[in-house]
Amino acid sequence: MSTVEHTPSESAPDAQKWVDVQASDDFAQLKHRLRKFVFPVSGLFLAWYLLYVLLADYAHGFMSTKVIGNINVGLIFGLLQFVSTFVITTLYVRHANKHLDPLAEKLRGEIEGDGK
Amino acid sequence: MNQSSPILNISIFGVFVLITLFVVIRASRNTKTAADYLAAGRAFTGPQNGIAIAGDYLSAASFLGIAGAIAINGYDGFLYSIGFLVAWLVALLLVAELLRNTGKYTMGDVLSFRMRQRPVRAAAATSTMAVSFFYLLAQMAGAGGLVALLLGITGTGGQSLVIAVVGALMIAYVLIGGMKGTTWVQIIKAVLLIAGAAIMTVWVLGIYKLNLSSLLGAAVENAPKAGEKLLGPGLAYGKNGTTKLDFLSLALALVLGTAGLPHILMRFYTVPTAKEARRSVVWAIWLIGIFYLFTLVLGYGAGALVGPDAINKAPGKANSAAPLLALELGGPILLGLIAAVAFATILAVVAGLTITASASFAHDIYANIIKKGKEEDKDSEVKVARITAIVIGLVSIGGGIIANGQNIAFLVALAFAVAASANLPTILYSLFWKRFNTSGALWSIYGGLIVTITLIILSPAVSGTPTSMFKNADFDLFPLSNPGIVSIPVAFLLGYVGTILSKEKADPVKQAEMEVRSLTGAGAEKAIAH
C-alpha cells in the first residue's frame, strides 16, 4: 500500500503515521473489539470472585451446607471458580484468534510497510 | 514410621543442581547482547514460557504453604489458591499482550513510554525492587524452615549456612545463564514439581478409592480439634469482624497483585510476539489451576494421613505438611524427591526475582537514567546487570538469615499488596486512560508504595501481638494485617487525582504511538535468531 519501501524492523514510522493509524477506521474497530470483550468480562469475573469471597467470609452456614457426602456448597463454589477461569481463558483465546489477530496483523503490515 | 534421611535428601538435591547447572552453562553459549541476557533473545515459545511462568509462580509459599494451610485450617487454605488462580485472568485479558508489544525488558519501559522518562523510570524501578525484595525475603526465610525439616539442621548457624549456599547457587545461575538459563531452570523445576504433586495426588486418591468425600471424612476424623469445621470456611479468618475484613483485604491483594508482579511481567518479554505471550498465559493458567487442585487433595490428604497434631509438632509446622505426607506415602525416597523439588522451587524463584531486580536497575536506572539512553543495549548494560545480581544476591542472603522463621505466606502476601497497589493501577492507567500523565504515574506508584508500606508497619503483623515481628513493641494503629482493601483504592484514586491536578497535558503523539503499538504489535521488539 505504501509508496516508500520499508524493511519491517528497521523502519521507524514517523509520528504522523501513528496518529493517522490511531484515527483510522480499522484501528477504531480493533480497539472496539478488544475493549468490548475484555472490559465486561473483567467486570464479570471480578464480581463473581468477590461474591465467592464475601460468601466464604460472611455466610459460613450456607457454605458449610452438605450436598453429597462430605462435599459442601463452599467446595462446589470454589471448584466453580476454577471452571469459570478455564472457560473465560478459552473464550478469550477464541475471540482473539478470530476477531483480533487478523485485524492487528493487517494494521501491522500497513504500518511496517510489508503489506505490499 | 519411616525416617527422613538427610544424606539421601542432599544427594537428590545435588543431582538436580548438577543437571540444572549443566543446562544453564549450555544455554549461556549464545548469550551476547542485552536482549539475550535480559530477555533470552525473545526466542522461547509460548508453551515453554507458560511452563516457566508456572515455575516462577508456584513458589514454596504455593506448594508448602497452601498444602499446609489446608491440612491445618482446611477450607480457609483453599481460598488462597482460588485468589492466586483467578488473578491470572487480569494478566491474560488486560496486561500480558499489550505489555509485550510496548516494552523491551522491564515494567518501567511500559510505564515510562509516553511520560517523562527519568522520574517515571526511577519510580518503576523503586517499586520493582520493593516487590522483589519482599518476595525474595519470603523465599529465603522459607529455605531456613525447610532445611530444619529435611536435613535435620535445627541450629541457627547451620540454617544460615544453607541459606548462604542457596544464595550462592542462585547468583551462579543468574550470572552464567542470564534470562535464558534462568528460564530453563524454571521449566525443569515446574515439570518436576507438577509431576511430583500429580503422583502424590493420585496416590492419596487411590487410598480413598477415588472418593473425595471419604478423603474429606478421614481428614475430619483425624482432626479432633477442628472437626467438621475443617470443611467449611472460617477456621482461620472467621474469628471476628476484624479477621473477616482482613481476609477480604487479602483476597483483593491476591487477585489484583499477580498482574503487577515484576518478575512475572518480565517473563512476557522472553517470547517473540504478543500471540505467544497469550499462549504462555493460557499454558500457565491450566498448569497453575491443575496444580492448585492437586494441593487441595494433598492438603486434606496430609490432614487425614499425617494429622494436624503431628504436622504442628514438626520443625517446619504447617510448611512441613506436604513433605510429611510424602514420607508417609512413599518413605524416605519419595520424601527425598519432594524435598529436592521444594529446594529447587526456592532456588528457581529466587533466581527469577534476582534477574528481574537486576534488569530493572541496569536498564531503567543505569542505561536510561544515569546514561540517558546512550548505553542501552551495550555490553555495559549487561555488565551492570551482572554486578547488580551479585549485590542483590548478597543482600537477600543477609535478609534471609535475618527473616528466618518469619511466616512465608505473610511475606508473600505483602509482596502482592505492594504489587497490587503501586504497580497495577499505574499499568492499567497508562494502557487504557488517554489523559494519564507523568504526575499521575508518580502519584500512583509512590503513593501506592508509601501507603502500603506505612500500613504494614502500623499493622498487628509488625507489632503489638504475640505473633508479631516485634512482640514487645506496640504501634499497631492499623487493625488489619493486609493493607490491600485500603491501599489499592487509594492508589487508583491517587493516580486519578495526580493526573487531574497537573497542568501537564498527556503527549498525544506518544499516546497514539503507544496505543497503536500495544494493540497491533507494530514496531515491537523482535526475536533474535542465532
Side-chain angles (χ1 to χ4, degrees), chain A residues 8-9 12-13 15-16 18-23 27 30-31 34-35 37-38 41-42 45-46 48-50 52-61 63-64 66 68-72 74-75 78-79 81-82 84-86 88-90 92-93 96-97 100-101 103-105 107-108 110-112, chain B residues 75-76 78-79 81-83 85-86 88-90 92-94 97 211-217 219-220 228-229 231-234 237-238 244-245 247-248 251-252 255 274-275 278-279 281-282 285-286 289 292-293 296 432 508-517 519-524 526:
Chain A
S9 53
Q16 191 53 44
W18 296 120
V19 177
D20 290 346
V21 172
Q22 192 186 34
F27 186 77
L30 175 62
K31 190 170 154 182
L34 176 80
R35 294 193 172 196
F37 187 93
V38 298
V41 173
S42 298
F45 83 74
L46 284 175
W48 167 236
Y49 171 73
L50 212 61
Y52 167 73
V53 169
L54 288 172
L55 282 175
D57 212 9
Y58 295 100
H60 295 167
M63 294 295 256
S64 305
K66 291 198 174 170
I68 314 159
N70 288 312
I71 296 174
N72 58 24
L75 187 64
L79 293 175
Q81 290 284 329
F82 280 72
S84 60
T85 303
F86 293 145
I88 290 173
T89 304
T90 310
Y92 171 70
V93 170
N97 286 341
L100 303 180
D101 287 350
L103 202 50
E105 229 162 89
L107 283 163
R108 186 166 65 238
E110 287 173 11
I111 299 165
E112 294 183 344
Chain B
Y75 193 83
D76 277 9
F78 183 45
L79 291 166
S81 53
I82 291 171
L85 176 70
V86 173
W88 275 97
L89 289 176
V90 182
L92 175 73
L93 298 178
L94 300 173
E97 296 170 45
N211 187 337
L212 190 60
S213 177
S214 7
L215 166 64
L216 297 177
V220 169
E228 284 284 325
K229 282 187 177 166
L231 304 182
Y237 295 102
K244 287 180 181 178
L245 204 60
F247 172 69
L248 189 60
L252 274 180
V255 81
K275 199 177 162 114
R278 181 193 309 147
R279 282 179 77 202
V281 181
V282 172
I285 286 178
W286 281 99
Y292 284 148
L293 292 174
L296 179 69
F432 294 106
V509 175
K510 272 289 184 193
Q511 195 273 335
E513 181 179 352
M514 182 172 181
E515 191 171 81
V516 172
R517 284 176 64 156
L519 262 65
T520 64
K526 303 282 193 294

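Labels below follow one simple rule: chain letters A, B, ... track the order of the sequence lines, proteins then strands, and each chain is numbered from 1.
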Chemist: Heavy-atom distances under 4.5 Å only: say whether B:Leu296 touches chain A with side chain, backbone, both or neither.
Modeler: side chain
Chemist: So which part of A:Lys31 gets closer than 4.5 Å to some heavy atom of chain B, the side chain, the backbone, both or neither?
Modeler: both
Chemist: Which one, A:Gly78, A:Ala23, A:Gly61, leads in non-hydrogen pairs under 4.5 Å with chain B?
Modeler: A:Gly78
Chemist: What's the separation between atom CZ in A:Phe37 and atom CG in B:Leu93, rounded to the nearest 0.5 Å?
Modeler: 6.5 Å
Chemist: Please state whether the side chain, the backbone, both or neither of A:Leu100 comes within less than 4.5 Å of a heavy atom of chain B.
Modeler: neither
Chemist: Name the region of A:Leu103, side chain, backbone, both or neither, that has any atom closer than 4.5 Å to a heavy atom of chain B.
Modeler: neither
Chemist: What I'd like to find out is whether the side chain of B:Leu85 reaches to under 4.5 Å of the side chain of A:Gln81, using heavy atoms alone.
Modeler: no
Chemist: Quick one, B:Thr520 and A:Phe27 - any side-chain contact, counting heavy atoms below 4.5 Å?
Modeler: yes
Chemist: Would you name the heavy atoms of B:Pro233 and A:Ser64 that are closest together and state the gap between them?
Modeler: CD-OG, 4.0 Å
Chemist: Roughly how far, to the nearest 0.5 Å, is the CG atom of A:Leu75 from the OH atom of B:Tyr75?
Modeler: 6.5 Å
Chemist: What part of B:Val281 lies closer than 4.5 angstrom to a heavy atom of chain A: side chain, backbone, both or neither?
Modeler: neither
Chemist: How about NZ on B:Lys229, more than 12 heavy atoms from neighbouring residues, nucleotides or ligands closer than 6.0 Å, or not?
Modeler: no
Chemist: Could you look at B:Lys275 and say if it's the side chain, the backbone, both or neither that has a heavy atom under 4.5 Å from chain A?
Modeler: side chain
Chemist: Is it the backbone or the side chain of B:Leu94 that comes under 4.5 Å from a heavy atom of chain A, or both, or neither?
Modeler: side chain
Chemist: If we check side chain to side chain contact (heavy atoms under 4.5 Å, CB included) with A:Asp57, which of these qualifies: B:Leu79, B:Asp76, B:Leu245, B:Leu248?
Modeler: B:Leu248
Chemist: Could you check which of B:Ala251, B:Pro508, B:Gly232, B:Ala274 has the highest count of heavy-atom pairs closer than 4.5 Å to chain A?
Modeler: B:Ala251
Chemist: Distance check, rounded to the nearest 0.5 Å: A:Ile71 atom CD1 versus B:Asn211 atom CG?
Modeler: 7.0 Å
Chemist: In Å and rounded to the nearest 0.5 Å, what is the CG to CG distance from A:Asn72 to B:Leu231?
Modeler: 6.0 Å
Chemist: So, do A:Thr85 and B:Trp88 sit near enough that their side-chain heavy atoms are less than 4.5 Å apart?
Modeler: no
Chemist: Do you know which of B:Ser81, B:Gly521, B:Ser214 has the most heavy-atom pairs with chain A at a distance under 4.5 angstrom?
Modeler: B:Gly521
Chemist: So do B:Met514 and A:Trp18 actually touch side chain to side chain, heavy atoms under 4.5 Å?
Modeler: no
Chemist: Could you look at B:Glu228 and say if it's the side chain, the backbone, both or neither that has a heavy atom under 4.5 Å from chain A?
Modeler: side chain
Chemist: Using a cut-off of under 4.5 Å on heavy-atom pairs, state which of A:Ile88, A:Val93, A:Ile68 scores highest against chain B.
Modeler: A:Ile88
Chemist: Is A:Glu112 reaching over with its side chain to a backbone N or O of B:Gly523, donor-acceptor style, under 3.5 angstrom?
Modeler: yes
Chemist: For A:Ala59, which atoms come within 4.5 Å of any heavy atom of chain B: side chain, backbone, both, or neither?
Modeler: neither
Chemist: Heavy-atom pairs under 4.5 Å with chain A - which of B:Leu252, B:Leu215, B:Ile285 has more of them than the others?
Modeler: B:Ile285
Chemist: Which heavy atom of B:Ile82 sits nearest a heavy atom of A:Tyr49, and at what distance?
Modeler: CG2-CE1, 4.2 Å
Chemist: If only atom types and distance count, is the side chain of A:Tyr92 paired as donor or acceptor with the main-chain N or O of B:Leu89 below 3.5 Å?
Modeler: no
Chemist: May I ask you to test the B:Arg278-A:Asn97 pair for a side-chain heavy-atom distance under 4.5 Å?
Modeler: yes
Chemist: Minimum heavy-atom separation for B:Ala512 to A:Gln22, with atom names?
Modeler: CB-OE1, 3.1 Å
